[in-house]
Amino acid sequence: MSKRYFGTDGIRGKVGVAPITPDFVMKLGWAAGRVFSKEGRSRIVIGKDTRLSGYMFESALEAGLSAAGVDVLLIGPMPTPAIAYLARTFKCVAGIVISASHNPFEDNGIKFFSADGEKLPDAVEAAIEEMLDEPMVMVNSAALGKAKRIDDAAGRYIEFCKSTLGNHISLNGMKIVLDCAHGATYHVAPSVFQELGAEIVTTGCTPNGTNINAGVGSTDPVQLSERVLLENADLGIAFDGDGDRVVMVDHQGRLVDGDELLYLIARDLQQRGSLHGGVVGTLMSNLGLQRALERLDIPFVRAQVGDRYVMEQLTAREWWLGGEASGHIVCRYLHSTGDGIIAALQVLAALLRSSQSLAEACAEVDRVPQETINIRVAVRKDPHDLPEVAELLAEAEKRLAGVGRVLLRASGTEPKIRVTLEHSDPQMVADIGGWLATEVEKLYNNIAKGL
């Protein structure tokens, strides 16, 4: 069945605009509590990023879950992958994250993890939506859920992240600039890298509730590049607001995205005889990544865009590594979901084992010029449901003459259409991409006007 609220990464939108309102979130907590507590008494862990609205929605979820008879563990601001980890270690039936990830602070969202620390199956999301249609009936007073705040959650997660590096690798002598996007990693990531021996310089580590992702983090790494050069650092690491994405900057200030990081981890696993199967990328993965993996005889497949689809492919193939250019990297041999801190540590370990700098290692990936243009739209409609779009794509592919790629897709988290072009000639990428974006924008404006 089609879902009304859940997208590719939970439920997300502008705060105060349905469904991101306190009354809906309380009902959502109750509905989820009813679905997850069918087997009897249960508990759920709740974490959040640093958005001001997170306090409001935390209280709303707590009230809804308690009304359904579910105990609640509150851990405050913590990275999204930490909630997945803690849901497992605390033997919870689920974990809930209050976050809109890389979106601006005016947005917020709710996403769920299963007891195994994985994204919920479609069937469970559908069951929660179905329960939302039922009247909210509270359990009797004696059966209400209890709430408890966990004070040592950060320490538990820090130790987990450090344990993934192995006992024989130290970051001593490495100078790293960390950009935490004024988000959920601000009080965790610096401790992880510092305790492993690195000299760290921090930026984006002073959240005030409204500055998350604002000019900082993985979606805006310009400041990080400048800081790496200023500090004469070995490299820079940037996370997004909820800590499940990571990108890096080499010592020359050049951005290194998720595709290149994925390659470095894959190469290292292969050299150590620990790569199970191949690598899962997405439709957005650069052709340069695919070619670089082919040179190493590493199988590569593309999933739909979204880390849940990457994970589906990994699970179906029983492979261990996958990710996206945006920096979602799933090291399935270490964690059940994408984790920016853990992925960054795997890259650093790979560099140390190869005795290469980040710039030297990434030179093996010959990236094909690629550009993505984001078009904000007033109506949510899949572009592939429009016959006019098929005609535009056919024309774009004709102009690319069979030696490039064109991709058009609706964002799963924002009201945007993303136009992506890939070709060896950057001028063709700019020209054809600009033309296609303009035509798509006109089309959606006409739909919004009812033309």
Side-chain angles (χ1 to χ4, degrees), residues 8 218-219 221 245 247 254-264 266-267 278-307 309-310 313 322-329 361-377 381-414 416-444:
T8 57
S218 63
T219 54
R245 291 187 186 191
V247 299
R254 187 188 74 87
L255 176 65
V256 177
D257 71 5
D259 283 344
E260 292 163 291
L261 301 181
L262 195 57
Y263 170 79
L264 298 184
R267 186 191 67 172
V279 173
V280 176
T282 73
L283 297 173
M284 295 288 288
S285 298
N286 193 276
L287 190 58
L289 168 63
Q290 180 177 336
R291 291 171 176 170
L293 292 173
E294 286 173 351
R295 287 194 293 271
L296 297 179
D297 292 324
I298 295 177
F300 176 75
V301 297
R302 295 179 185 269
Q304 294 183 57
V305 176
D307 60 331
Y309 301 115
V310 171
Q313 286 281 351
E324 303 183 87
S326 62
H328 274 126
I329 296 177
C362 288
E364 297 177 16
V365 182
D366 187 13
R367 294 180 58 83
V368 174
Q370 183 188 83
E371 182 178 2
T372 296
I373 302 172
N374 295 309
I375 306 166
R376 185 165 287 276
V377 294
K381 198 169 185 66
D382 191 322
H384 298 288
D385 291 338
L386 304 172
E388 298 92 339
V389 166
E391 295 173 8
L392 291 172
L393 287 174
E395 176 62 25
E397 289 169 351
K398 180 180 177 182
R399 295 189 189 187
L400 289 169
V403 291
R405 289 198 312 135
V406 58
L407 177 66
L408 196 65
R409 68 180 186 89
S411 169
T413 58
E414 299 176 272
K416 292 179 178 179
I417 302 297
R418 307 195 195 280
V419 178
T420 301
L421 263 292
E422 204 171 56
H423 194 277
S424 57
D425 182 351
Q427 189 59 52
M428 285 194 71
V429 170
D431 291 345
I432 299 174
W435 164 79
L436 182 57
T438 299
E439 293 302 314
V440 171
E441 186 171 23
K442 287 179 185 176
L443 176 60
Y444 271 82

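Because the structure is a prediction, the values reported are computed rather than measured.
- At least one side-chain heavy atom of P383 sits less than 4.5 Å from a side-chain heavy atom of Y444.
- Contact annotation: the side chain of T8 approaches that of Y309 to within less than 4.5 Å [non-hydrogen atoms, C-beta and beyond].
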Without placing hydrogens or testing angles, list every side-chain donor-acceptor pair under 3.5 Å for residues 390-398, not counting sequence neighbours.
residue	atom	partner	partner atom	Å
E395	OE2	R399	NE	3.2

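- Interatomic distance, L289 CG to E294 CD, rounded to the nearest 0.5 Å: 9.5 Å.
- Considering every non-hydrogen atom in both A303 and V280, the closest pair reads CB-CG1, 4.0 Å.
- The shortest non-hydrogen separation linking M284 to Q370 is O-NE2, 3.3 Å.
- Looking at V406 and L400, their side chains come closer than 4.5 Å, going by heavy atoms from C-beta outward.
- Between the OG1 atom in T282 and the CG atom in L262 there is a gap of 10.0 Å [rounded to 0.5 Å].
- Other residues, nucleotides and ligands place more than 12 heavy atoms under 6.0 Å from the CG atom of D431.
- Using a distance-only test at 3.5 Å, with no hydrogens or angles considered, a donor-acceptor pair links the side chain of H384 to the main chain of L408.
- Considering all non-hydrogen atoms of both residues, V429 and P369 come closest at CG2-O, 3.6 Å.
- In this structure, the side chain of D259 engages the main chain of N286 through a donor-acceptor pair within 3.5 Å.
- Between the side chains of R302 and Q290, at least one donor N or O lies within less than 3.5 Å of an accepting N or O.
- In this structure the side chain of L283 never reaches within 4.5 angstrom of the side chain of R409, judged on heavy atoms.
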Practice task
Could you go through the salt bridge (Lys or Arg N to Asp or Glu O under 4.0 Å) check for E364 and R295 one step at a time?
Solution key: CA-CA 10 Å; E364 297 177 16; R295 287 194 293 271; over 6 Å; no
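- S285 and R405 make their closest contact through O-NH2, 3.0 Å (heavy atoms, listed as atom of the first residue, atom of the second, distance).
- The minimum heavy-atom distance linking R418 with T372 is given by the pair CB-CG2, 4.1 Å.
- E260 is listed as a side-chain neighbour of R367, based on a closest heavy-atom distance under 4.5 Å.
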Handout entry: Check against side-chain contact (heavy atoms from CB on, under 4.5 Å), T219 and R245
Key = CA-CA 9 Å; T219 54; R245 291 187 186 191; 4.3 Å; yes
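- The structure places NE2 of H423 at 11.0 Å from CG of L287, a figure rounded to the nearest 0.5 Å.
- Using modelled atom types, no side-chain atom of R291 and backbone atom of V368 make a donor-acceptor pair closer than 3.5 Å.
- At a threshold of 4.5 Å between non-hydrogen side-chain atoms, the residues V310 and E324 count as touching.
- Shortest non-hydrogen contact noted between V377 and K416 is CG2-N, 4.2 Å.
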Exercise for the section: Go through the steps to decide whether I298 and Y263 satisfy the test side-chain contact (heavy atoms from CB on, under 4.5 Å), and finish with yes or no. Expected result: CA-CA 10 Å; I298 295 177; Y263 170 79; over 6 Å; no
